[in-house]
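Here is the structure we will look at.
Chain identifiers are assigned alphabetically (A, B, ...) following the order of the sequence lines, protein sequences preceding nucleic acid strands; residue numbering begins at 1 within each chain.
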Protein chains: 2
Amino acid sequence: MSGNRPATSMDVARAAGVSQATVSYVLNDRPGSRISEETRSRVRDAAERLGYVPHAGARTLRTGSSGVVLVAVPDIPQGPLATGLLEELDKELGGRGYTVVQYGARRTKGVAAAKAWAELRPTAVVADASRLTRAGIEVLRAAGVKAIIGMGHAPMDDVPSLLTDHEGVGALAVRHLVERGRDPVVAVVPREEGLREMGLARLRGARSAGVPVTAVDLAFDEAEAAAFVAGLKGGEGVFAYNDEYAMLLLAALHDAGLRVPGDVAVIGCDDLPLARLTRPRLSTVRPDLSAAPARMATLIDRLVRGTACGDVDVWTLQLIERDST
Amino acid sequence: MSGNRPATSMDVARAAGVSQATVSYVLNDRPGSRISEETRSRVRDAAERLGYVPHAGARTLRTGSSGVVLVAVPDIPQGPLATGLLEELDKELGGRGYTVVQYGARRTKGVAAAKAWAELRPTAVVADASRLTRAGIEVLRAAGVKAIIGMGHAPMDDVPSLLTDHEGVGALAVRHLVERGRDPVVAVVPREEGLREMGLARLRGARSAGVPVTAVDLAFDEAEAAAFVAGLKGGEGVFAYNDEYAMLLLAALHDAGLRVPGDVAVIGCDDLPLARLTRPRLSTVRPDLSAAPARMATLIDRLVRGTACGDVDVWTLQLIERDST
DNA sequence: ATCCAGTGCTTATACGTATAACCACCCCCC
DNA sequence: GGGGGGTGGTTATACGTATAAGCACTGGAT
């Protein structure tokens, strides 16, 4: 049973006493094929008995389309938001008959990454926008990829994208701090590779709110946070880039004996589950992703069927006011 | 350029003025093939010019082996530990010529999941042990999967596994609490689906340490945590299942006005980056995964080549003592 | 001159599937 | 008794690749 090679549709055909074509017609129950109910069940029985599983590669070769949606996940450690988004997207696309596959993409990008993806002849590709270059997109198109969707902060002119509204996050956070009467407003920009660009985008948004905003570069490091906090005079409102940085600052402020929000107000972004547990409770900007998976799935499906072109979505932002501001 | 069908090795052959076989020999540079250097470069040029990318499905069909390592990730939200493990594993296997692909596996398990995976004809499968059943394993074997590796807490008798030493975590945590003179020792068992079994395993380990341990069921919920904390008398040592639960308890203890570690000691598990930011700093049990990816990759490679059989790894545990115990 | 060994390719085939095209049969109706 | 139209299949082929087997030629050695 286990030393043998996998059963093929030909094996099933022999076992059921029919031709291989009949097996194919039955198992895919192609509409318009004229096979008697009796033969159908004989074929299905044989397939079950032999443990037949179709060969995706062969099918792809024959039909010219794999039904695979390749998701190239970013290198940045994934939070619960991204994980949840992918899970929902998987469910949506699975329900429409696609096979969702995540591809680790070890640091490659551009044409090199695109070539690796193209080998699988995916029907669609969802990729971190920072991995996509124009030349890479050409490679994918040439390999027959029907739908290409970018995720990230920079709008790609060539492919529809799910954009994170980083500017909006910054603007919303700063407006809130101003409303609460905070005067020097400070925006933290993370120094880490991959986060820095987004930090700068959020800073731009912060500055668009109409008040002067001081930018401060910060690595995710307790000593640096302590040094930053030591320079505060009191009264500041700090937009901490995200909840993780906000938690870093809350700890540093606690160590320095500063009161939140009495001396300094802090606001994060993401509404992480763990960030609800800080004391004081952390105010934050929550990106609402709940509508994204279904819309992405619909868009992919339309692009594959060729009935629609690009469409850019933007997340909805919501301010969650707790105790830290 | 973009309305065309993808270039095949036959197209490359025509462009280079050679046969398709020659193209295959050159691009895979098969040792022992006698092709002149001049022809080789002509072929490579043509391939580059046409943007040729091999068709993985066709190759799989021909060779009978895909080189794909399918990783079926668990449904439980992934922490940085698991993410890091996968990333390293990806790198290791990528370096050995495998293609690592993550498969979302929307809640399916057993035979249904195995059939879905088998369609891709992976060379190896790394799966959450809770998704693997004996029948499922048979399906994979029958589909030609050479290496099957389980991850999780229950040792599978049939496949080698990377085991989390949940018992060890419990035992180590409780021994530490006892050393610090804590008298009633309490172990938290999470109520969430998927976490509960592991919680029970950690509880067994906790009880193997030789002192009486009270178990308490807890959902990840602030109100429940507050109710639990309200029942404490003081002096307790609490093993909180993991860092997230520990943070939940720290918040509840803070709200109740109890001092940590003065009144109650708390220890977690995982050494999450965010958990280093609590005040007091959280003591924890850190699973050391650094050796796992390389060992898993080696094991997979050996199983594929048929030069080795099973081998069970266990993570190394380390106690990190900070301020909460 | 003939044979042998090597070099540099080409020809032919099989992998597993989906589907267009064809075929045999039966029944009914003029 | 012959044509027409449904019913229930079968035969043949192509998808793109890897590789075994063969073939033409060249340059010695016998």
Sub-3.5 Å donor-acceptor pair from the side chain of [X] to the main-chain atoms of [Y], do we have one?
X: A:T22; Y: A:V18; answer: no
X: B:T39; Y: B:I35; answer: no
X: A:N28; Y: A:S24; answer: yes

What is the separation between atom [atom1] on [X] and atom [atom2] on [N], rounded to the nearest whole Å?
X: A:L50; N: C:dG16; atom1: CG; atom2: P; answer: 14 Å
X: B:M10; N: C:dA12; atom1: CE; atom2: C1'; answer: 12 Å
X: B:N28; N: D:dT19; atom1: CG; atom2: P; answer: 7 Å
X: B:R5; N: D:dT17; atom1: CZ; atom2: C1'; answer: 14 Å
X: B:D11; N: D:dT17; atom1: CG; atom2: P; answer: 9 Å
X: B:L61; N: C:dT13; atom1: CG; atom2: P; answer: 17 Å
X: A:R59; N: D:dG16; atom1: CZ; atom2: C1'; answer: 18 Å
X: A:Q20; N: C:dT19; atom1: CD; atom2: P; answer: 11 Å

Steps toward salt bridge (charged side-chain N to carboxylate O under 4.0 Å, His left out) verdict (A:R305, A:D301)
CA-CA 6 Å; A:R305 301 188 133 88; A:D301 206 26; 2.9 Å; yes

Just to confirm, is there a sub-4.0 Å distance from OP1 or OP2 of C:dT17 to any side-chain nitrogen or oxygen of A:S9?
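So the side chain of A:S9 is within the cut-off, an N or O lying under 4.0 Å from OP1 or OP2 of C:dT17.
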
Do any side-chain nitrogens or oxygens of B:R30 fall under 4.0 Å of OP1 or OP2 in D:dT19?
yes

Search all heavy atoms of A:L140 against all heavy atoms of A:I148 and return the closest pair with its distance.
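Looks like CB-CD1, 3.8 Å.
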
Which atom of B:T133 lies closest to which atom of B:G110, heavy atoms considered:
OG1-CA, 3.5 Å

List the protein contact pattern of nucleotides 4-9 of chain C with one symbol per nucleotide (5' to 3'): B for base contact, S for sugar-phosphate-only contact, - for none; contact means a heavy-atom distance under 4.0 Å.
----BB

Please examine the side chains of B:I137 and B:R134, heavy atoms only from C-beta on, and report whether any two atoms are closer than 4.5 Å.
no

Identify, between B:R121 and B:A21, the residue whose nearest nucleotide on DNA chain C lies closer to the 5' end.
B:A21

